[in-house]
Amino acid sequence: MTAESAMQLIDVKKNIGSKQIIKGLNFDIYPGEVFGFLGPNGAGKTTTIRMMVGLMKLTEGDVLIEGKSIKTEYKEAIRRVGAIVENPEMYPFMTGWKNLQHYARMMPAVTEERIKEVVTLVGLDKAINEKVGRYSLGMRQRLGIAQALLHNPSILILDEPTNGLDPSGIREIRRYIRNLAEKENVAVIVSSHLLSEIELMCDRIGIIKNGELIAIETVQEALNKTDVKDIHIEAVPLETGRNIVQEKLQINAAIEKEELVLSAKREEIPSIIKSLVDGQVEIFGVQVKRSTLEDKFLDLIGENTIE
Amino acid sequence: MNLVYNEQVKLYARKSTWIMFVILAVIILGIAILGKTVGDLGNEEYGEDWRQQLEQENAELTEGMDEEQIAYDQVVKENNYYLENDIKPQNYDVWQSVIDNSMLSALLSLFTIIVAAGIVAHEFRWGTIKLLLIRPVSRTKILFSKYVSVLLFALTSLVFLLLFSWLTGAVFFGVNGINPTLVLNSGDGFVQVSALHEITRSYGFSLVNLVMMSALAFMISSIFRNSGLAIGFAIFLMMAGSSIMGFFLQYDWAKFILFANTNLDQYYRGTPLIEGMTLPFSVMVLLVYYLVFLVLSWVFFTKRDVAGH
Ligand SMILES: Nc1ncnc2c1ncn2[C@@H]1O[C@H](COP(=O)(O)OP(=O)(O)O)[C@@H](O)[C@H]1O
Ligand SMILES: [Mg+2]
């Protein structure tokens, strides 16, 4: 990519005690993109994020934020960043509004109007004068996002923002994250241990396992529609089915565990089923396995061992 | 400074801080009421014939005592001092009650320790430290603002203690002039001092202890990120300090122990704890401890990772 990176990780390593928790991460995040940071629990997402925002020192490597090193130019670097790290913890004995004011006072030029603006953006207008101790987890997530947006950051880091949210909450977060990336050119980093919760909001997804980045994939919009998928068909008799698919449709098919397994594009599925039905094959079920990314991720999760 | 303002907002947004002030107020009122009713303070009036009154008091007191007992009786001694120096005794009033309340500065130390112990550790317990530190502000400044906030709290509660004591005393015992002269037992005989001087002295010395103990609590809180530990340890040392001293008195190095030096009053009344100790020596020792406490707080707060768990 030719664009200037918003954030660059250069061979980032972290040892805690004698254990290497992060084993050399290298990747760039660009303005206007939503980057998914995906990995099972204990993979090292939060640790990496803590290093990105200077809460933890790097054992080796560097993090550059708009070219500024978090190690040597901390203030200039962090000024551009808004973040939630792990749970969005606020002062429970103060109202949402007082909490936001508190953080606003720590940053240059955040006006009352700006605070009101972010409150409206995250939809907390009604509850903002209630004590945070009475907020639900979902409300605290929103307040956490509001807090991270106060100073118009060019990089937004959200650690598991979908935790504790119901599907409609997740959809809403997805909406403002997409908005920020597309309209305000913010680089957004969203971590999660569930692909399904973030795949729709991300442009790219990096998969981390045991402290190593094992894949970075671009999530194409087209992925869901035109990509080749694995299709499993429970059909009787299997042999006949396979012959029909291979001879009439020129699609390779295999028989696995009483199922016909084949790879095809989404728009081919209706004609495959029609041919089978026309050929007197009875169909008991059709399963379309999702993107290859999910397969990859699930495979990885299965193997992930927490040492 | 915005950061100090933030700390004060957080401090006073919590009920426990207000409870401290309420406790202080209730105790001050309680002491005044008890003094007035049970203690019979301020009901004794000396008039024009104060010399006769004192003689009569002495006569009543010494009835049935032998010479030796009389020689040791503090009240008789005090009365004789008035008579010998021809000073009319002051009636118990607001100034004396404020001086008596200087013992409450121990409570002030306690409250300041609690605040100092919590101000860093609570941010860790609540998890808010993460959001606090990811700002374009150095950790040094954040820690400094917290320490300033502790001192500000100590100052505020001291002013509260003085004002509230004065008002309560004035209501219960009346006011004898702006800055009357009082006769006090200095340890080796009676002396005359002005009330304001005595108030400054008694509260001033107790502040030394307050500043040292809260710095200690602040340090423990920054190092271990645990307020309970900091409170427990600092209060234990504050209470047990003098007994611990008794333990080590025999050793040479005992004079370098913090608690040998926190009571600066020892150079004004009575004799120093250990022979050879002087006021400048104690001030130096205290200063060194103080700097060590603050530097250690700073090192641990600014250099250590903010990790989970
Ligand atoms: N303070 C710590 N001390 C020791 N090990 C830690 C510490 N923090 C995290 N870890 C370990 O580092 C690994 C990564 O943790 P974390 O970054 O929280 O994972 P994630 O956020 O991806 O769930 C885990 O194996 C965890 O046990
Ligand atoms: Mg995590």
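Protein chains get the first letters and strands the later ones, always in sequence-line order, with residue 1 at the start of each.
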> Pick from A:Met90, A:Met56, A:Arg105, A:Lys57: which one has the most heavy-atom pairs with chain B under 4.5 Å?
Replying inline: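 Heavy-atom pairs under 4.5 Å are most numerous for A:Arg105.
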
> Do you know which of A:Gln101, A:Arg79, A:Lys98 has the most heavy-atom pairs under 4.5 Å to chain B?
Replying inline: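 Winner by heavy-atom pair count: A:Arg79.
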
Where on [X] is there a heavy atom nearer than 4.5 Å to chain B: the side chain, the backbone, both, or neither?
X	result
A:Lys131	neither
A:Tyr91	both
A:Pro88	neither
A:Asn87	backbone

What part of [X] gets within 4.5 angstrom of chain A, counting heavy atoms only: side chain, backbone, both, or neither?
X	answer
B:Lys10	both
B:Ile142	side chain
B:Leu3	side chain

Look at atom [atom1] of [X] and say whether more than 12 heavy atoms of other residues, nucleotides or ligands are closer to it than 6.0 Å.
X	atom1	answer
B:Met103	CE	yes
B:Phe21	CZ	yes
B:Phe111	CZ	yes

>> With side chain to side chain contact (heavy atoms under 4.5 Å, CB included) as the criterion, how do B:Val9 and A:Met94 come out once you've worked through the C-alpha distance, each side chain's angles and the decisive distance to 0.1 Å?
In response: CA-CA 9 Å; B:Val9 168; A:Met94 299 203 294; 4.1 Å; yes

> Stepwise, does the salt bridge (charged side-chain N to carboxylate O under 4.0 Å, His left out) test hold for A:Asp159 with B:Lys130?
Replying inline: CA-CA 12 Å; A:Asp159 193 4; B:Lys130 293 176 291 189; over 6 Å; no

Interatomic spacing from [atom1] in [X] to [atom2] in [Y] - rounded to 0.5 Å:
X	Y	atom1	atom2	result
A:Tyr103	B:Leu132	OH	CG	6.0 Å
A:Phe93	B:Tyr12	CZ	OH	13.5 Å
B:Thr128	A:His102	OG1	NE2	7.5 Å
B:Asp305	A:Leu58	CG	CG	9.5 Å

> Checking side chain to side chain contact (heavy atoms under 4.5 Å, CB included) for the pair A:Gln147/B:Leu131: CA distance, chi angles, key distance, verdict?
Replying inline: CA-CA 9 Å; A:Gln147 159 280 130; B:Leu131 293 183; 3.5 Å; yes

> Does some side-chain heavy atom of A:Met106 sit less than 4.5 Å from a side-chain heavy atom of B:Asn2?
Replying inline: no

> Mind checking whether B:Ile134 and A:Val81 have side chains closer than 4.5 Å, heavy atoms only?
Replying inline: no

>> As an exercise: rank B:His122, B:Lys15, B:Arg139 by heavy-atom pairs under 4.5 Å with chain A and give me the winner.
In response: B:Arg139

>> For A:Met107 versus B:Pro136, what's the shortest heavy-atom pair and its separation?
In response: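 In terms of heavy atoms, the two residues are closest at CG-CD, 3.9 Å.
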
